[in-house]
Amino acid sequence: MFKKVKGFRDIFGDDIRYWHLIEDSFKKLFPTFGYEEIKLPILEKTELFVRGIGDTTDIVEKEMFTFKDRDGSYLSLRPEGTASVVRAFIENKLYEPPAIRKYYYYGPMFRRERPQKGRFRQFYQIGIEAFGSESPLLDAEIIFLLYKFLNDFDLKDFLRMEINSIGCPECRPKYRDKLIQYFKNNYEDLCEDCKRRLEKNPLRILDCKVESCKVIVKDAPIILDNLCDVCDNHFRKLKSYLNQFGVEYNVNPYIVRGLDYYVRTAFEMVTDKLGASSAVGAGGRYDGLIKELGGPDIPGIGFAIGVDRLVELIKMKNELKKDEVDIYIITFEEFTEVGINISNELRDAGFKVNLGYDLGSIKSEMKKANRLNSRYVLIIGEDEISSGKFTLKDMNSGEQFKINRDEIIKFLQEN
Ligand code: HAM
């Protein structure tokens with residue numbers, strides 16, 4: 001017997017209805033904010049992610065599924081979508097003619113993380129990316145879109161919006177030096193991981209979950225006190241616009257994000273309901289990335305939502321109605337054609353129809369219809385054909401009655 005690969009999973013049955021609910025919802029909402037879909041490859045050259053996400057990030061250092069292709073080049077299953085959208089934006093010259101460009105994408109991402117609640121090696125993201133404006137009004141609109149999309153599932157008491165500014169190449173290096181100095185003074189009390197992070201990626205220490213590190217982090221200098229004027233102004237305006245949009249948020253100076261491309265705005269919609277996997281959606285601004293990957297100097301910002309996590313939250317909150325079949329048709333062998341014709345008419349009218357394929361007794365067919373949650377069963381037998389009146393059974397009330405063939409659709413539409 002074959003088993004699936006660790007950290008990968010099958011999604012089916014009742015769960016699928018939650019996935020459809022989410023899929024229907026973003027496809028309706030995102031275009032109203034001007035986003036159009038972009039479909040991207042799942043496989044990219046490894047170098048794209050190394051350059052895009054950063055070679056000292058956990059994702060690139062240890063989480064990518066990478067293999068050597070026959071021509072000797074290295075390919076990776078995408079661990080996220082931003083680098084791919086930026087690659088597509090540059091490669092297809094989507095920046096011409098200049099305008100604000102907004103894209104959304106949906107699909108599986110792959111990271112070799114330690115599987116746990118809310119954390120998988122294949123997971124799904126819905127993401128958006130907007131190119132062409134540095135205005136904090138765009139940041140605010142994007143944060144509002146994430147906030148609105150998630151709260152529309154009635155999750156307000158499960159979620160918090162947290163925002164931060166992580167500075168820019170002008171102010172962050174100075175802050176970074178201050179931070180390194182501070183942590184050096186407390187070196188002995190840092191965990192082994194943080195000791196390693198100190199030179200390579202000191203900002204990640206702010207994010208460490210180890211208690212002894214958290215104690216040190218509490219008194220560490222914070223980025224918000226060390227922003228340059230441009231970043232400070234940007235962040236002030238962002239907060240003011242967020243108030244105008246009606247977004248409730250907390251400023252959390254310890255948000256650092258696990259990808260290197262961010263500048264200024266960083267945000268996360270977090271929950272306490274999924275153990276250590278707390279972010280349901282997250283993103284930020286990445287103004288230098290398009291240039292870094294070989295394109296023009298155009299600013300960008302976006303976010304991605306973890307669909308697997310969102311499904312878990314919605315399930316905690318609301319139970320969706322079970323899937324049902326509207327009508328289950330039982331026909332006897334000699335009347336199969338009538339059954340086929342009626343099933344076609346009903347499906348054209350939008351009903352969900354199942355035909356009984358392996359006719360046993362009426363009783364066994366009724367059982368099958370029940371297991372499929374059928375609302376009605378239609379019986380087509382000798383009597384029905386000769387009288388032109390079909391037998392319809394309401395599976396909820398158990399009531400059974402005769403109905404003219406040409407009245408079936410109307411009856412189902414009204415009931
Ligand atoms: P990220 O924070 O790495 O950002 O991932 C975004 C979301 O994907 C997370 O908040 C989480 O809900 C979900 N996620 C990440 N890893 C896993 C996992 N192993 N299992 C389940 N869900 C997971 C990015 O990926 C950026 N590309 C977002 C972005 C877009 N920034 C700008 N534009």
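Start at 1 and go down the list; that is how both ligands and their atoms are numbered. The figures here come from the full heavy-atom set of this structure, side chains too, leaving out hydrogens, waters and symmetry mates. As the structure is a computational prediction, the values presented were derived from the model and not from experiment.
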List the closest protein heavy-atom neighbour of [atom]: residue, atom name, distance to the nearest 0.1 Å.
| atom | result |
| --- | --- |
| atom 2 (O) of ligand 1 | R257 NH2, 2.8 Å |
| atom 13 (C) of ligand 1 | G306 CA, 3.6 Å |
| atom 10 (O) of ligand 1 | A279 O, 3.3 Å |

For [atom], which candidate among [options] holds the nearest heavy atom?
| atom | options | value |
| --- | --- | --- |
| atom 15 (C) of ligand 1 | Y286, F123, Y261 | F123 |
| atom 8 (O) of ligand 1 | Q125, E268, E129 | Q125 |
| atom 28 (C) of ligand 1 | F267, Y105, Y262 | Y262 |

I'd like to know if E414 pairs up with K410 as an ion pair, taking the criterion as any Lys NZ or Arg NE/NH1/NH2 lying under 4.0 Å from an Asp or Glu carboxylate oxygen.
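Salt bridge: yes.
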Any ion pair linking E319 and R17 (charged N to carboxylate O, less than 4.0 Å)?
no
Would R9 pass as a cation-pi partner of F120, given that its NZ or CZ must be under 6.0 Å from the six-membered ring centre and within 45 degrees of the axis?
yes
Determine whether more than 12 heavy atoms belonging to other residues, nucleotides or ligands lie under 6.0 Å from atom CZ of R236.
no
Using atom types as modelled and distance alone, determine if a side-chain donor or acceptor of E268 lies under 3.5 Å from a backbone N or O of V270.
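No.
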Residue-ligand contact D308/ligand 1, heavy atom below 4.0 Å:
no
